[in-house]
Q: 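Quick one: the structure is below, questions incoming.
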Protein chains: 2
Amino acid sequence: MGRWEPNARERLAKAALELYRERGYEQTTVAEIAKRAGLTERTFFRHYADKREVLFDGSGALQELAVSGVVGAPESAAPLDAMAAGLEAASGWFADRREHARQRQAVIVANAELRERELIKLASLSAALADALRGRGVAEPTASLAAEAGMAVFKVGFQRWIAEAEEATLSQLMRESMAELKAVTAHGQARPGR
Amino acid sequence: MGRWEPNARERLAKAALELYRERGYEQTTVAEIAKRAGLTERTFFRHYADKREVLFDGSGALQELAVSGVVGAPESAAPLDAMAAGLEAASGWFADRREHARQRQAVIVANAELRERELIKLASLSAALADALRGRGVAEPTASLAAEAGMAVFKVGFQRWIAEAEEATLSQLMRESMAELKAVTAHGQARPGR
DNA sequence: AGCGTCGATGACAGTCACTGACATCGACAG
DNA sequence: CTGTCGATGTCAGTGACTGTCATCGACGCT
């Protein structure tokens, strides 16, 4: 495998998160990350496309999970209910990673470049979910709107899960947020949330 | 004012869009943009924070417009209806800039860094609109969800306005998208869009 | 044991985005 | 005519990222 120790990729990700937390993202150089991982800067860029990507290694797996949740929803499910199934699957991905997710999210919100990268990952997720809905026969623009609405639910639910001291389950918070979204978008309603 | 010709900022923005269209964003250096504008690279960075920002000069004004639309909505308006008023105001900003918006959007979608920047501008807009809703007395998470839902409508409506050859008004497309969103999120509905 | 292959890593030079420090120009006030 | 001041030019430097080539080390084959 590698030239020396195995798991070079994981070592780089671990070193990066540590350093970003210790001195901040901007004050950390790629050379420092590589050195802490026992590698060189050039090798870092062979594993990760850039300095930001090292924090988003799991985004591909998360996306696959969410998509499979949508695909696996009962055929009778309405678009937004299929999205809910996708969010449920995604919630499982984070379930046992709460502390890690908190640390990582604290680093991300502290830096604009990292926030940009997170947003494009969420946009990619949204596009993949819209694709899955289309695969279920949902037409445009319904598919895109349902996917974007689902992402809104995800963002709100996830943020609460990270922020709260309570021990509410991520999937619980997702369901609550979904219910609140449906309330907000309901027709002729008496101003919810006041 | 300036050392030579006036409107340095506008000249830089114009030169940048031209070059990004001619050779693509990545193949254009900041030095080339500055040279075409009759300035130096250093001066470019005095007007724009980075190579991406030059394409997003109007985002602040757009955001102010949208927020004022929400603030100015009738007090009796539900959160999502206030958002619709904000989108209506934002639509006016683009009304006479359709061709420019098309060219600019074509450049943005062709490059990942520019897409990231666009997403964070939209996120900033969403946050500002949520703030405006809170100013109207809307509680969290209703405000954030309504703002995000409104952004979903904006994205879908704007993309259609850019893509279609037809002469539909942006605000018309926004209203249609809003209606479709409400249909998707309606309870117990018979699978819209199929 | 000896040998060749091959993927992962190191070494090195180079480009370009971006920044700080300082000099300079040009308009304007007095 | 002169001092001020904002905008620009100049220059040196850092760090992210890339292309290229050499090298190492595991593995299979003989």
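Naming convention: chains lettered A, B, ... in sequence-line order (proteins, then strands); numbering from 1 in each chain. Fair warning: this is a prediction, and the values are worked out from it, not measured in the lab.
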Q: Does a side-chain N or O of B:Thr43 approach OP1 or OP2 of D:dG9 to a distance below 4.0 Å, or not?
A: yes
Q: Which label fits A:Phe94 and A:Phe154: parallel for a plane angle under 30°, tilted from 30 to 60°, or perpendicular past 60°?
A: tilted
Q: Does one side chain, of A:Ser144 or A:Glu148, offer a donor that lies under 3.5 Å from an acceptor on the other?
A: no
Q: Regarding B:Ala8, tell me which of base, sugar-phosphate or nothing describes its non-hydrogen contacts under 4.0 Å with the strands shown.
A: sugar-phosphate
Q: Please report, rounded to the nearest Å, how far the P atom of C:dC12 is from the CD atom of A:Glu41.
A: 14 Å
Q: Please report the distance, rounded to the nearest Å, between CG in B:Asp50 and C1' in D:dG15.
A: 16 Å
Q: Hey, does A:Arg9 reach any base, or is it just sugar-phosphate, or nothing, if we go heavy atoms under 4.0 Å?
A: nothing
Q: Taking atom types as modelled, is there a side-chain donor on A:Glu22 or A:Gln27 under 3.5 Å from an acceptor on the other?
A: no
Q: I need the CD-P distance between A:Glu26 and C:dA17, as an integer number of Å.
A: 18 Å
Q: Starting from P on D:dA22, measure out to CZ on A:Arg42 and report it in whole angstrom.
A: 16 Å
Q: Round to the nearest Å and state the distance from A:Phe45 atom CZ to C:dG10 atom C1'.
A: 15 Å
Q: Where the side chain of B:Leu39 is defined as all heavy atoms beyond and including C-beta, which of D:dG9, C:dT9, D:dG15 is the nearest nucleotide?
A: D:dG9
Q: Quick check: B:Phe56 with B:Tyr48 (ring centres under 6.0 Å apart)?
A: no
Q: Phosphate oxygens OP1/OP2 of C:dT9: is one of them under 4.0 Å from a side-chain N or O of A:His47?
A: yes
Q: Return no unless some side-chain N or O of A:Thr40 is found under 4.0 Å from OP1 or OP2 of C:dG10.
A: yes
Q: Can you list the steps and then say if A:Glu180 with B:Thr142 is a side chain to side chain donor-acceptor pair (under 3.5 Å)?
A: CA-CA 7 Å; A:Glu180 281 155 351; B:Thr142 302; over 6 Å; no
Q: Mind calculating the distance between NZ (B:Lys51) and P (D:dA16) to the nearest angstrom?
A: 18 Å
Q: Measure the distance from CZ on B:Arg46 to P on C:dG20 and round it to the nearest whole Å.
A: 11 Å
Q: Please report, rounded to the nearest Å, how far the P atom of D:dT8 is from the OH atom of B:Tyr48.
A: 11 Å
